[in-house]
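Notes follow the structure.
Any value given below was found using the heavy atoms of this structure, including those in side chains, with hydrogens, waters and symmetry copies removed. Naming convention: chains lettered A, B, ... in sequence-line order (proteins, then strands); numbering from 1 in each chain.
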2 protein chains.
Amino acid sequence: MLPERLIFDHHSAKMKDNLIAHINKFVELDEAEIQQVCDSVNVVAVKKKQFILKADEIYRANYFITKGCLRLYFINRNGNEQITQFAIENWWITDYTSFETGKPSVYYLQAIEDSEVISISKKAYEELLLKVPKMERYFRILLQIVHTASMRRFEYFRDQTDEERYRHFVSLFPGFVQRIPQYMLASFLGFTPQFLSKIRGKKVKP
Amino acid sequence: MLPERLIFDHHSAKMKDNLIAHINKFVELDEAEIQQVCDSVNVVAVKKKQFILKADEIYRANYFITKGCLRLYFINRNGNEQITQFAIENWWITDYTSFETGKPSVYYLQAIEDSEVISISKKAYEELLLKVPKMERYFRILLQIVHTASMRRFEYFRDQTDEERYRHFVSLFPGFVQRIPQYMLASFLGFTPQFLSKIRGKKVKP
DNA sequence: GGGGAACTTTGTTCTATATCAAATCTATAA
DNA sequence: TTATAGATTTGATATAGAACAAAGTTCCCC
């Protein structure tokens, strides 16, 4: 029987393969570069409801999800959770404001399901970008994608009623909606869980 | 007296210096790289109210403002203008969705004041990124900044009332508010010009 | 597998902001 | 210089969704 450490290393290597596969969709890494990426990151398992970080803490890392689902939220002045982002497989997530400035965040980062996450520390990230310029390209491309996604999201918030935004979101991501409780979806879409329940109770016009 | 073309070239070179100065805040370009950047871009003058692009057109370039002010907006289903971004000196602006996909945009890009703009075509942008890897870094850093800005903006939309968001914006950018008509500020902040007028008419609580 | 907490549903009332309408005010172009 | 469209103000009315409240439901944890 293998010692615990080796089992973990084997598992860990498999997680890292997911990240490498994702990077290779955008840039072509050679063996040495793959090694440098793998040496820069760590694999972490988080249980459902476990927090990776909480408000008032500093986001010293960026997180890539290989399995599961996380949410990023803050508490508004009425004391309600406001989810600003979900992250599922093959997404990076962090509070970039805190990550960049080194100042405490207002955000909570919590697992919605048992999840596997790859983390890269701020320091390792900066060093990796200098050592492997292809990673500048990789993150530049990802950030362009993120930017277009948030522009799109903004459009929806400005051009649709809450009810329309709900129906639209469900039609776009029917599978994802199954994975999360309703109150989280309501929070993400910007209204109360009671209102979501009322929408669902309504018969859709034939 | 100099021929028209030379006068323009001289002016054009000065505009490009602004861009180079901006890039040099984030990465250090050598002479050859500066030349490559300058060869990749064009200088354009736009008069107040003139459109750089309109809805249904394709954003084939990214635009850097050296002087003046532009707005990016779309027409919502009620026929109202929804401004999603302003761009002033030293900001890049485009509809990245259209820029990346080559599909027609829903956005209008219009000068609010007489402005000077440097454009880089999609083709020149892609080539420049390959020829000058430092530009990957430059745009990666800029996109991180843009991303944090839109996260912040989202927070404000979720955590403040319209009136609070107005007062907050004015306190953050008093000079900018002077430069634009009220109805544009209302559109950017997500409410009607009538409502903005009513807010302004109110006495602030002492 | 039972009990309590976490969710969801349902009904009522309330409020911020939209919408509609019309009266000024203000720039710009002829 | 004035005519005219564009912009702002002001007031009356309407409405989407919040807040509050309380009854069901489901999910876990012991």
Could you state the OH-C1' distance from A:Tyr166 to D:dA16, rounded to the nearest angstrom? 18 Å

Is the Lys NZ or Arg CZ of A:Arg165 less than 6.0 Å from the centre of A:Phe157's six-membered ring, within 45° of the axis? yes

What is the distance, rounded to the nearest whole Å, between atom CZ of A:Phe157 and atom P of D:dA16? 18 Å

Is the backbone of B:Cys69 close enough, under 3.5 Å, to the side chain of B:Ser115 for a donor and an acceptor to pair up by distance? yes

Residue closer to the 5' end of DNA chain C, B:Lys49 versus B:Gln160 (nearest nucleotide): B:Gln160

Minimum side-chain heavy-atom gap B:Ile65-B:Ile88 below 4.5 Å: no

Set of side-chain contact (heavy atoms from CB on, under 4.5 Å) partners for B:Phe173, sequence neighbours left out: B:Phe169, B:Phe176

D:dT8 C1' sits how many Å from B:Leu185 CG, rounded? 14 Å

Here the distance between atom C1' of D:dG17 and atom CG of A:Leu196, to the nearest Å, is 13 Å

Short N/O separations, protein against nucleotides 18-23 of chain D, under 3.5 angstrom:
from	atom 1	to	atom 2	distance (Å)
D:dA18	OP1	A:Thr192	N	3.4
D:dA18	OP2	A:Thr192	OG1	3.2
D:dA19	N6	A:Lys198	NZ	3.2

Taking the six-membered ring of B:Tyr166 as reference, does the cationic atom of B:Arg200 (NZ for Lys, CZ for Arg) lie under 6.0 Å from its centre and within 45° of its axis? no

In plain terms, say whether A:Arg179 and A:Glu89 are close enough for a salt bridge, that is, a side-chain N and a carboxylate O under 4.0 Å apart. yes

Note: A:Arg158 and B:Phe188 closest approach over all heavy atoms is NH2-O, 3.4 Å

Here the residues of residues 168-180 of chain B within 4.0 Å heavy-atom distance, strictly under, of DNA chain D are none

Output the rounded distance in Å from NZ (A:Lys47) to P (D:dC29). 11 Å

If I take atom CD in residue B:Glu81 and atom C1' in nucleotide D:dA7, what distance separates them, rounded to the nearest angstrom? 13 Å

Examine C:dT8: is either OP1 or OP2 under 4.0 Å from a nitrogen or oxygen in the side chain of A:Arg200? Give yes or no. no

Whole-Å gap separating P (D:dT26) and OH (A:Tyr183): 17 Å

Roughly, in whole Å, what's the span from NZ in A:Lys48 to C1' in D:dC29? 13 Å

Any side-chain donor-acceptor pair under 3.5 Å between A:Ser105 and A:Asp95? yes

Taking only N and O in the side chain of B:Ser197, is any of them less than 4.0 Å away from OP1 or OP2 of D:dT9? yes

Run the numbers on B:Phe99 and B:Tyr125 for ring-ring contact (aromatic ring centres under 6.0 Å, His included), then give the verdict. CA-CA 11 Å; B:Phe99 182 71; B:Tyr125 174 77; 5.3 Å; yes

